[in-house]
Amino acid sequence: FNPGIGAGTGPRHLVMNFGNDIYVLPDAVDLVQNGPPQINSVFPNADGSVTLAGVGFGPDSTVFFDGLQAAVATPFNGSSMTVIPPQGASGQTSTLTVFNSDGQNSMILQSQAPQTYSYPFAAPPQISVTPAALPAGQIFGSSGIPQAAMVDITGINTNFIDGQTTVGFGSDDVTVRRVWVLSPTHLVADVMVAPNGAIGTSEISVISGFQSAVIPGGFQTQPPAFGQPLIALPIVNASAGQQTIYPGSFATIYGVNLGASAAAVQLTLGGAAVPVSFASPNQINFQVPPGFPTGPATLQLASGGIAALPVVIQISNPPPNITSVTNVSGVPLSALNYATVGDILNINVTALDPTVVGNLSRLQVTISGLPMQVLQVTPLAPGQFQIQIVITQSFGGTQVPLAVAVDGSSSTAVTVTVR
């Protein structure tokens, strides 16, 4: 059948009329603007990038090497696009697929003869791990606390990539809570060993893209270190409403044997001493110094001269600060009686992470706890941004809180009236 000119794009129902009966298949057909993409050629470049030429590409096109997405180096320019392949194994041949946001991909036309890319041959990757042994967690009454510690991993012939690198220890008793890639040959991870974890050895493996490095029997679980301060992860913001730790915020450490008093505790963050505002055997509160650099920071704690194993915490950007809320004409919402469903609001904020502009999935605007549709984020001046939203929910003319959150770190709410 021919959809016809002017049929538009998007899902359409399929209606079949049998004369005395009708059958409707909802969203049976998805009308699109163009045909599927097709890769005509693949050119490896001297800098390690790969250029793909073909038809049906667009600014929204993404490229996958087997199952991993490649980073875009040069967006589609009308005839080609250039990407950075995910890390591959030596000599590996990967199948390439181009996806467009309309749901089509190059395999629609090329599944029988897809384009491929062969990774160059390279020396095998090697890793070294410090420490290579950790004590098991400890049982207290009817519950237990895993032993948490930072593990430092360096590599040779590696290319660790943030978001594509995982660390494993070959044992259900040893889990990795988070990995931070510091460079292509260096990463750190927070590791937790379960209470009563099986004593013995297990392998250590690091996988980055399709590249893997393994040390068989390279890690050892040791008996619990009773009497040593034990930090329980995660370390959290002392304010229950905040999900991140940022410069100037107060953080809380839970655990055992942490300290009898603040005077008995020595605490450093990124190598710098930080004051302890409260200490007990099971809890310590401290403030991240204002202006402290964002990113991973090593936390080290000693109580009564006995040191806990160090851990890593993420220091995030401070939460945004709402300076004004106006309607689309620039009239302050405080000067209006109310806003209604469908209205567009402009929210001016400061202290917003500038990288949010290119990744709106990190941003959430809520009214009375319900997420609103974010249309765009526009820089206004250095340190100032405007967030444009659509009100999608009625609140019956009541006053409700509006808040802006980035990566779960929320601003102080302001009150608006929404009918």
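- Among residues two or more places apart in sequence or in another chain, the side-chain hydrogen bond (donor to acceptor under 3.5 Å, both in side chains) test is passed with Ser316 by none.
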Side-chain donor-acceptor pairs under 3.5 Å in residues 13-29, sequence neighbours left out?
unit_1, atom_1, unit_2, atom_2, d
His13, ND1, Asp27, N, 3.0
Asn17, OD1, Gly19, N, 2.8

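- Not counting sequence neighbours, the partners of Gln38 by the side-chain hydrogen bond (donor to acceptor under 3.5 Å, both in side chains) test are Asn40.
- The side-chain contact (heavy atoms from CB on, under 4.5 Å) check on Gln138 picks up Phe140, Pro224, Phe226, Leu230, with sequence neighbours excluded.
- With 3.5 Å as the limit, one finds no donor-acceptor pair spanning the side chains of Ser208 and Gln164.
- Sorted by first and then second residue, the pairs that involve residues 29-84 and meet ring pair (Phe, Tyr, Trp, His ring centres under 6.0 Å), not counting sequence neighbours, are Phe57-Phe76, Phe64-Phe99, Phe65-Tyr117.
- For Gln314, the side-chain hydrogen bond (donor to acceptor under 3.5 Å, both in side chains) partners at least two apart in sequence or on another chain are Trp180.
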Pairs of donor and acceptor atoms involving the side chains of residues 144-154, under 3.5 Å and at least two apart or interchain, shall be tabulated with distances.
unit_1, atom_1, unit_2, atom_2, d
Asp152, OD1, His186, NE2, 3.1
Asp152, OD2, His186, NE2, 2.8
Thr154, OG1, Ser128, OG, 2.6

Do any side-chain atoms of residues 367-380 form donor-acceptor pairs under 3.5 angstrom with protein atoms, and if so which ones, sequence neighbours left out?
unit_1, atom_1, unit_2, atom_2, d
Gln376, NE2, Gln388, OE1, 3.4

Sequence neighbours left out, cut at 3.5 Å: what donor-acceptor pairs do the side chains of residues 394-407 make with other protein atoms?
unit_1, atom_1, unit_2, atom_2, d
Ser394, OG, Gly396, N, 3.4
Ser394, OG, Arg419, O, 3.2
Thr398, OG1, Phe395, O, 2.7
Asp407, OD1, Arg362, NE, 3.1
Asp407, OD2, Arg362, NE, 3.2
Asp407, OD2, Arg362, NH2, 2.7

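- Partners of Thr201 by side-chain contact (heavy atoms from CB on, under 4.5 Å), not counting sequence neighbours, listed by chain and number: Gln220.
- For residues 34-61, the set of pairs meeting the salt bridge (Lys or Arg N to Asp or Glu O under 4.0 Å) definition, not counting sequence neighbours, is empty.
- Among residues two or more places apart in sequence or in another chain, the side-chain hydrogen bond (donor to acceptor under 3.5 Å, both in side chains) test is passed with Asn45 by Ser49, Thr51.
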